[in-house]
Amino acid sequence: MVQTSVIGCGNMGSALIKGLHRSGNHTVTACDLDPDALEAVADYVDTTTSDVADATDADVVIVAVKPDIVGAVLSDLDLSPEQTLVSIAAGVSTDYVEARTDANVVRIMPNLAAETGDMAAAVTGDDVPDEVLELLDDVGEYAEVDETQMDIATAVNGSGPAFVFYLIQAMKAAGIEGGLDADDAETLAAQTFKGAAETVLRSDEDLDDLIDAVCSPNGTTIEGMEVLWESDVQEEVAAAVTAAEERSAELAGEVTDE
Ligand SMILES: NC(=O)C1=CN([C@@H]2O[C@H](COP(=O)(O)OP(=O)(O)OC[C@H]3O[C@@H](n4cnc5c(N)ncnc54)[C@H](O)[C@@H]3O)[C@@H](O)[C@H]2O)C=CC1
Ligand SMILES: O=C(O)[C@@H]1CCC=N1
């Protein structure tokens, strides 16, 4: 069992807590100033606390507060070089965190699917400890990237779930427009995204071949694909990712300038 503490139990911290609970490999202390946030995760952790000092004994300390609060939390955290501090804040560099702790620092960009064990995470660091890689394995898949790639990773896998929710919403709306009831349309759209994603992860075929496999000659799919190929959907998705990437880089400047 890895002793893990999570400081900040909001959207992302609570998703990580629930994912770690599912894995059964961690003893978790949850720390938050908000009693409602602690109550919401109480069933998934061993200890809840509003005192950051109670979160400092863990092997792995995950700081999951907003980027502009990270500095204040680090100043209250007294950790040793034997401990690992995991920072998940968008735009907060490893250098910034390392300057404020004696712990071994690992920067990751997680996403909300930690809750179901389906997280996509980017992790950066010269020598990421096994306990962090195992933690990431416990709650999904990860890619080791260079820190210069963290802004684009933040956009693709950190912000990505919101972009995918939006696309599911569009598919659901089209289903409703075509006569499905709302619940059926949501189930069919969401399960289709899930199944398509699983297919991509498990298949050796490239994406064009997978598209081709759905397009029967003279069938239905090719009619829809012609519409997409002639549209600027790919450019618009790229623009959304770029906007998030640019904001991540901007945040880095704001936090460093504090
Ligand atoms: N929401 C998401 O999908 C993702 C968020 N992140 C990163 O995760 C971090 C947290 O984001 P969210 O969970 O969305 O924010 P949130 O606002 O939902 O949660 C932050 C939590 O921190 C708590 N908090 C504030 N000050 C504290 C302190 N001094 N000590 C203990 N707890 C304190 C708040 O009460 C709140 O429950 C951010 O740095 C963000 O960049 C990264 C990837 C995805
Ligand atoms: O929107 C944000 O800033 C955070 C980081 C990635 C996902 N949510």
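All heavy atoms count here, side chains included; hydrogens, waters and symmetry mates do not. Note that ligands are numbered from 1 as they come in the structure, with each ligand's atoms numbered from 1 the same way.
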Should the proximity of [X] to ligand 1, defined as any heavy atom under 4.0 Å, be assigned to the side chain, the backbone, both, or neither?
X	answer
Pro110	both
Ile7	side chain
Val52	neither
Pro67	both

Which residue holds the protein heavy atom closest to [atom], what is that atom called, and what is the gap in Å?
atom	value
atom 44 (C) of ligand 1	Met12 SD, 3.6 Å
atom 11 (O) of ligand 1	Lys66 NZ, 4.0 Å
atom 1 (O) of ligand 2	Ser159 OG, 4.7 Å
atom 18 (O) of ligand 1	Asn11 N, 2.9 Å
atom 20 (C) of ligand 1	Ala64 O, 3.9 Å
atom 8 (N) of ligand 2	Gly158 O, 4.5 Å
atom 40 (C) of ligand 1	Ala90 N, 4.2 Å

Looking only at non-hydrogen atoms, which of [options] approaches [atom] most closely?
atom	options	result
atom 16 (P) of ligand 1	Gly10, Cys9, Gly8	Gly10
atom 28 (C) of ligand 1	Leu33, Asp51, Ile108, Leu16	Leu33
atom 5 (C) of ligand 2	Ala90, Pro161, Pro110, Ala244	Ala90
atom 34 (C) of ligand 1	Leu112, Val63, Val6, Asp32	Asp32

Under the 3.5 angstrom rule, does the side chain of Gln83 hit a backbone N or O of Ala58 as a donor-acceptor pair? yes
Can any side-chain N or O of Asp54 pair as donor or acceptor with the backbone N or O of Cys31 at less than 3.5 Å? no
With a 4.5 Å heavy-atom cut-off, do Leu136 and Met119 have their side chains touching? yes
Decide yes or no for His26 and Leu135: does some side-chain heavy atom of the first lie under 4.5 Å from some side-chain heavy atom of the second? yes
Any N/O pair Asp34/ligand 1 closer than 3.5 Å: no
Identify which one of Ile62, Val106, Ile7, Leu77 satisfies the side-chain contact (heavy atoms from CB on, under 4.5 Å) criterion when paired with Leu85. Leu77
Enumerated ligand 1 atoms positioned under 4.0 Å from heavy atoms of [X]:
X	result
Ala89	39 (O), 41 (O)
Ile69	26 (N)
Val65	9 (C), 10 (C), 22 (O), 24 (N), 27 (C), 32 (N), 33 (C), 38 (C), 39 (O)

Are there over 12 heavy-atom neighbours, none belonging to [X], within less than 6.0 Å of that residue's [atom1]?
X	atom1	answer
Glu186	CD	no
Glu198	CD	yes
Glu235	CD	yes
Tyr166	OH	no

Out of curiosity, does Ile176 fall in the hydrophobic cluster containing Phe165 (side-chain heavy atoms, cut-off under 4.5 Å, transitive links)? no
Does a side-chain N-to-carboxylate-O contact under 4.0 Å join Glu254 and Arg247? yes
Check if Ile88 has a non-hydrogen atom at a distance under 4.0 Å from any atom of ligand 1. yes
Thr148 vs Asp146, test: side chain to side chain donor-acceptor pair (under 3.5 Å). Steps then yes/no. CA-CA 5 Å; Thr148 56; Asp146 191 83; 2.6 Å; yes
